[in-house]
> 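The structure is given below, and queries will be raised subsequently.
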Amino acid sequence: MKKRKNNINKHQCLNKFKFNIMKNLHILLFIISIGLNVYSQDKNEVPEQPPIIDMHLHTGLPHEVPEGTASLCRPGPCEGDVLATVNPSRLLEKTVEVMDRYNIVKGFVSGVDLSVVQDWKMADPERFIASPFILNAGSPDPEQLRQEYTSGNLEGMGEIGTQLTGVSPNDPALEPYFALAEELNLPVLIHTLGIGPYMPGFRSAAGNPLLLEDVLVNHPKLRLYVENAGFPYKEEMIAMMYQYPQLYADVSTITWVIPRTVFYDYLKALIRAGLGKRLMFGSDQMVWPEKIGTAVEAIRQAPFLTHGQKRDILYNNAARFLRLEDVEDVPVK
């Protein structure tokens, strides 16, 4: 009898042991399934990215190039690594795709053909800040532009790219544009630097930032920013930004058109000069929308920039310059 009772106890213990194993196994499988589900979601979903403002976009080049033309690069001899997309609708589509990928929430976009600029604006009115590209002084006529601003079709001015035709920023022919922009409180982008496209009228000497001094003296309320921080006129640009606190600059084409080391040396000098609160990100997308991502990564990967300095360049400084309501960036861990 006693032996039988012992066998029963052993059998009960064995059943209890098996039950515990099965229970623990179910718990383990449940945990594994949750982990696999989370992994699957992480793998398929793009992680949320902090917002970016691109202060330098174009609907194309000011001069025609064939489809598939290699991207610009300096110094020559060199070969561009991205092929041009010149079809207007396809260029817009690809640009928006990249902007979505990097969470670029605002873009200051200009073009010679105002109808194409309006196409971009209509595609996403909240994202694109429409602006005329001014290649030749007098075209478009300032009074015509006034009507466009009054109607709300345009919101910014420039790129003022008359340097491409050899006209410096202090030329009297540009005075009506600066006066109009100051009157209407418009953000203004100007090409004033030492490099540009290979065009017969381009003059590097017409890009010295010191040539902006009379403009800023005559129009103290002008909201002006300089393309590529006047590269390679480093000392001149620092002097102008020290003397005229209303002057801002973008870092755009030089994020990808010149060697990365040269760009970093230039950017580091501006940061060390204390100008990190007035530098704004731009891609200078023309017909190579893939370069937007290259430009973003050039800022993100800069080893000498703090997280805060990167956010200032990529968003905060432009938000302040544009006087957006949400000027303060949302902290991102």
Side-chain angles (χ1 to χ4, degrees), residues 53-59 62 105-118 120-122 124-163 167 169-192 209 211-230 240-241 244-250 252 278-282 284 315-327:
I53 298 175
D54 190 333
M55 290 296 292
H56 196 153
L57 290 163
H58 296 295
T59 61
V105 297
K106 286 281 185 184
F108 188 98
V109 61
S110 68
V112 174
D113 188 337
L114 291 183
S115 65
V116 178
V117 175
Q118 283 305 305
W120 284 51
K121 175 71 174 175
M122 291 175 64
D124 196 336
E126 295 301 316
R127 172 181 275 174
F128 290 117
I129 301 169
S131 185
F133 189 103
I134 300 169
L135 181 61
N136 297 291
S139 179
D141 180 84
E143 288 307 310
Q144 175 194 346
L145 290 180
R146 180 185 293 275
Q147 296 175 13
E148 297 290 339
Y149 292 122
T150 302
S151 65
N153 292 331
L154 297 175
E155 301 169 276
M157 182 176 289
E159 180 178 341
I160 297 178
T162 56
Q163 185 190 352
V167 177
N170 60 354
D171 191 292
L174 292 176
E175 172 61 24
Y177 295 101
F178 295 128
L180 179 63
E182 184 180 36
E183 176 191 343
L184 299 181
N185 194 26
L186 305 172
V188 182
L189 166 62
I190 189 165
H191 188 119
T192 304
L211 297 174
L212 291 168
E213 188 157 29
D214 288 343
V215 174
L216 293 170
V217 169
N218 294 333
H219 303 282
K221 296 182 180 180
L222 186 65
R223 295 164 60 196
L224 184 67
Y225 67 106
V226 179
E227 176 180 344
N228 285 312
M240 290 295 294
M241 294 185 77
Y244 301 97
Q246 71 270 39
L247 183 64
Y248 277 59
D250 80 25
S252 51
R278 283 153 62 198
L279 299 175
M280 304 183 292
F281 169 76
D284 201 1
Y315 183 85
N316 295 333
N317 297 342
R320 187 187 320 111
F321 181 80
L322 293 173
R323 300 176 183 175
L324 302 181
E325 291 181 3
D326 56 338
V327 172

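Position 1 is the first residue of the sequence, and the numbers go up from there.
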> Do Ile190 and Leu212 have side chains that approach each other closer than 4.5 Å (heavy atoms only, starting at C-beta)?
yes
> Listed by chain and number, what are the salt bridge (Lys or Arg N to Asp or Glu O under 4.0 Å) partners of Arg127, not counting sequence neighbours?
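Salt bridge (Lys or Arg N to Asp or Glu O under 4.0 Å) list for Arg127, sorted by chain: Asp100, Asp124.
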> For Lys106, what residues pass the salt bridge (Lys or Arg N to Asp or Glu O under 4.0 Å) criterion, not counting sequence neighbours?
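Applying salt bridge (Lys or Arg N to Asp or Glu O under 4.0 Å) to Lys106 gives none.
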> Between Arg223 and Phe321, is NZ or CZ placed under 6.0 angstrom from the six-membered ring centre and within 45° of the ring axis?
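Judged by the rule, Arg223 and Phe321 form a cation-pi pair.
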> Would you please indicate yes or no on a ring centroid separation below 6.0 angstrom for Phe108 and Tyr225?
yes
> Which residues pass the side chain to side chain contact (heavy atoms under 4.5 Å, CB included) test with Ala318, sequence neighbours left out?
Ile53, Met55, Met280
> Using a 4.5 Å cut-off on heavy atoms from C-beta on, say whether the side chain of Met240 contacts that of Val226.
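No; the side chains remain at least 4.5 Å from each other.
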> Output the distance between atom CD1 (Ile160) and atom CG (Leu224), rounded to the nearest 0.5 Å.
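One finds 7.5 Å between CD1 of Ile160 and CG of Leu224.
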> Please examine the side chains of Tyr244 and Glu213, heavy atoms only from C-beta on, and report whether any two atoms are closer than 4.5 Å.
yes
> With a 4.5 Å heavy-atom cut-off, do Leu154 and Leu145 have their side chains touching?
yes
> Could I get the full list of ring pair (Phe, Tyr, Trp, His ring centres under 6.0 Å) partners for Phe281, not counting sequence neighbours?
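Here no residue qualifies.
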> Check whether any side-chain N or O of Asn228 sits under 3.5 Å from a backbone N or O of Gly230 as a donor-acceptor pair, and report yes or no.
no
> Rounded to the nearest 0.5 Å, what separates atom CG in Asp250 from atom CD in Glu227?
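These two atoms lie 6.0 Å from each other.
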> What are the two closest non-hydrogen atoms of Val117 and Gly111, and how far apart are they?
CG2-N, 3.4 Å
> Could you tell me which non-hydrogen atom of Gly156 sits nearest to which non-hydrogen atom of Ile129, and how far apart they are?
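Reported closest heavy-atom pair: N-CG2, 4.3 Å.
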> Could you walk me through whether Glu175 and His219 pass the side chain to side chain donor-acceptor pair (under 3.5 Å) check?
CA-CA 10 Å; Glu175 172 61 24; His219 303 282; 2.9 Å; yes
> Check whether any side-chain N or O of Thr162 sits under 3.5 Å from a backbone N or O of Val167 as a donor-acceptor pair, and report yes or no.
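Yes, because the side chain of Thr162 sits within donor-acceptor range (under 3.5 Å) of the backbone of Val167.
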> The criterion is salt bridge (Lys or Arg N to Asp or Glu O under 4.0 Å); which residues satisfy it with Glu148, sequence neighbours excluded?
none
> Distance-only criterion, 3.5 Å: show the donor-acceptor pairs between side-chain atoms of residues 132-144 and protein atoms not counting sequence neighbours.
unit_1, atom_1, unit_2, atom_2, d
Asp141, OD2, Glu143, N, 2.9
Asp141, OD2, Gln144, N, 3.4
Glu143, OE1, Arg146, NE, 3.4

